[in-house]
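Throughout, protein chains are lettered first and strands after them, A, B, ... in sequence-line order, and every chain is numbered starting at 1. Computed from a prediction, not measured in an experiment: that's the story for all the values here.
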Amino acid sequence: MGIIRAVNLIFDYIRHDEENNKEETNRALSGVSLDIEEGSFVAILGHNGSGKSTFAKLMNGILMPSDGTVYIADMKTNDEEHLWDVRKTAGMVFQNPDNQIIGNVVEEDVGFGPENMGVPTEEIWERVDRSLEAVGMTAYRLQSPNKLSGGQKQRVAIAGVMAMKPRCIVLDEPTAMLDPNGRAEVIKTIHELNKQEGITVLLITHYMEEVIDADRVVVMDGGQVVMDGTPKEVFSRVNELKKYRLDVPQVTELADELKQAGMDLPDGILTIEELVDELAAKLS
Amino acid sequence: MLRDITLGQYYPIDSVMHRMDPRTKLFGTMVYIVSLFIADSLLVYVAAALFLVAAIRMSKVPVKFMVRGLKSIVVLLLISVSFNLFLTPGTPIFKIGFLQMTWEGVEFAGFMAVRLIFLVLGSTILTLTTTPNHLTDGLEKSLGFLGKVGVPVHEVSMMMSIALRFIPILIEETDKIMKAQMARGADFESGNLIQKAKAMVPLLVPLFISAFRRATDLAMAMEARCYRGGDGRTKMKPLRYETRDRVAYLVCFLYLTVMIGLKIIL
């Protein structure tokens, strides 16, 4: 049994009119079940409106499911009693780097989570030191967050979550507002945390390039899980992905086109190196 | 660069005064203000001046910066001095129409001016040597007792520090919106006051909407990081009194005693 378990999740956004009557319901998730193993790196892909962000917010009790249950380390998220334990266990990083940094100085922001948890002062400092080290932002610890680049801000936000010592981190499109450099920076940091600290990562994104190195890729569409497997398995189904309005990495697309033109290539080529090797083998 | 703006008038330099606990500085400022209001003779003012000069020297802030703070009170100063000069009854020096200047008026106006100047300089030392964050922390801790009677001290200080964090972001955003509206033909410069005020509407509406959106996001991010008010919260940088603070308290008490003593004797 995994650290994150979603059982038959349903979520409705309900719009109320002025008299507080239900005006309109919008089903964002309809029956999502997912079991995520501790220590794994799972990416959730989906187009706008696929329900992936809603799914992320259900993971640490920011939204409560309309029906179904989320278990984080066997605690129910809609259980008042465990709400804070759930949030301690599953940290969350949001899309907009500016709107999630609370402190006026980098190190103070990283300390915000532990402060809220009532961690003793000396231990807060230890945790802050370690977290900043882990995301490689120690050099900026005394700076104002306003002077950092987007990628750096997002790394500070990740450090802020790390300082709470969570067992898994949910990242809700952490790179959507960043430039390519910042994006690479953040993705590298997340991978390092996953490998070195053994933290379970749930990365929600719509950039294909970011999910290539994941252990598992889940594709969502219309509030349901439509594909689930290793990156190789998922990306070998190019036509299906296109149906869900998702692009495949350029190399994969090229390999797919070559294959359809009659070349004998394996399915699910994800990196340029792989394709080069395959082609070199063919030519020699 | 808009993002480089400094808030308040903090002067970054390392001095004893800068390293002092904000609560000590708040207390010192209060003592100083009280002492100015009980002062009524030349000797007492000299003592107050000496105390001020010592404090300025200890803060290592150039006098230039101190004096800058006085600019804002020039008008107030002129008005109160001239009122005191001409409207105090006593031995007349000369008379123009119904206005007469008296010896008592001169003395009173002089003391008044000195008192005001000292007052502003004294509180400027506090703001020049303390970062807004530190000041908020100090206020939260010193006013903590108000929490017992239901004043949300922690919440107010949290709001203040969040406001400080977001001011530069919102300024930058204002700049962006302004440019976007100007690109679409908005005119913020010409016209009279009313027209200018009207021109601000297309600037303020998007700014407010975005501020509210940011607030929702921030609230969500704070909750996700287990924020649930001030109860059970620990501090990463708790305020702690050092030897220098104890000395400063002692000096303040001594100073206040001397001032009260001088007032009683003279």
Examine whether an atom of A/Trp125 lies under 4.5 Å from a heavy atom of chain B, and if so say whether it belongs to the side chain, the backbone or both; otherwise answer neither. side chain

How far does CH2 of A/Trp84 sit from CZ of B/Arg228, to the nearest 0.5 angstrom? 5.5 Å

Should B/Glu223 and A/Leu83 count as side-chain neighbours, where that means a heavy-atom distance under 4.5 Å? no

When the 4.5 angstrom heavy-atom criterion is applied to A/Phe94 and chain B, the contacting part is side chain

So what's closer than 4.5 Å to chain B heavy atoms on A/Pro166: side chain, backbone, both or neither? neither

Counting only heavy atoms closer than 4.5 Å, note whether A/Val110 contacts chain B via side chain, backbone, both or neither. backbone

Please report the shortest heavy-atom distance between B/Arg233 and A/Glu115, naming the atom on each side. NH2-OE1, 2.9 Å

For B/Cys226 and A/Asn116, the nearest pair of non-hydrogen atoms, with its separation, is O-CB, 3.3 Å

Check whether B/Thr234 reaches the backbone of A/Pro120 with its side chain - one donor and one acceptor, N or O, closer than 3.5 Å. no

Heavy-atom distance under 4.5 Å to chain B: side chain of A/Glu108, backbone, both or neither? both

Can you confirm whether A/Tyr207 is buried at OH, in the sense that more than 12 heavy atoms of other residues, nucleotides or ligands lie under 6.0 Å from that atom? yes

With respect to chain B, which residue among A/Gln100, A/Met164, A/Gln95 yields the maximal number of heavy-atom pairs within a distance under 4.5 Å? A/Met164

Against chain B, work out which of A/Val161, A/Ile102, A/Ile62 has the most heavy-atom pairs shorter than 4.5 Å and name it. A/Ile102

Could you tell me the separation between the CE atom of B/Met220 and the CG atom of A/Asn99, rounded to the nearest 0.5 Å? 9.5 Å

If you count every heavy atom of other residues, nucleotides or ligands that lies below 6.0 Å from B/Arg244 atom CZ, does the total exceed 12? yes

Separation between NZ (B/Lys237) and CD1 (A/Ile124), nearest 0.5 Å, reads 11.0 Å

Carefully, step by step, assess A/Asn104 and B/Asn133 under the rule side-chain hydrogen bond (donor to acceptor under 3.5 Å, both in side chains). CA-CA 8 Å; A/Asn104 286 282; B/Asn133 273 320; 3.1 Å; yes

Does any backbone or side-chain atom of A/Glu122 lie under 4.5 Å from a heavy atom of chain B? Answer side chain, backbone, both or neither. neither

Interface residue of largest heavy-atom contact number with chain B, from A/Thr121, A/Asn60, A/Ile101, A/Asn96, under 4.5 Å: A/Ile101

Of the backbone (N, CA, C, O) and the side chain (C-beta and beyond), which part of A/Val93 lies under 4.5 Å from a heavy atom of chain B, both, or neither? neither

Please flag which part of A/Asp85 lies under 4.5 Å from any non-hydrogen atom of chain B: side chain, backbone, both or neither. neither

Answer yes or no: is there a side-chain heavy-atom contact under 4.5 Å between B/Met236 and A/Pro114? no

B/Ile162, B/Thr216, B/Ile169: which one forms the most heavy-atom pairs within less than 4.5 Å of chain A? B/Ile169

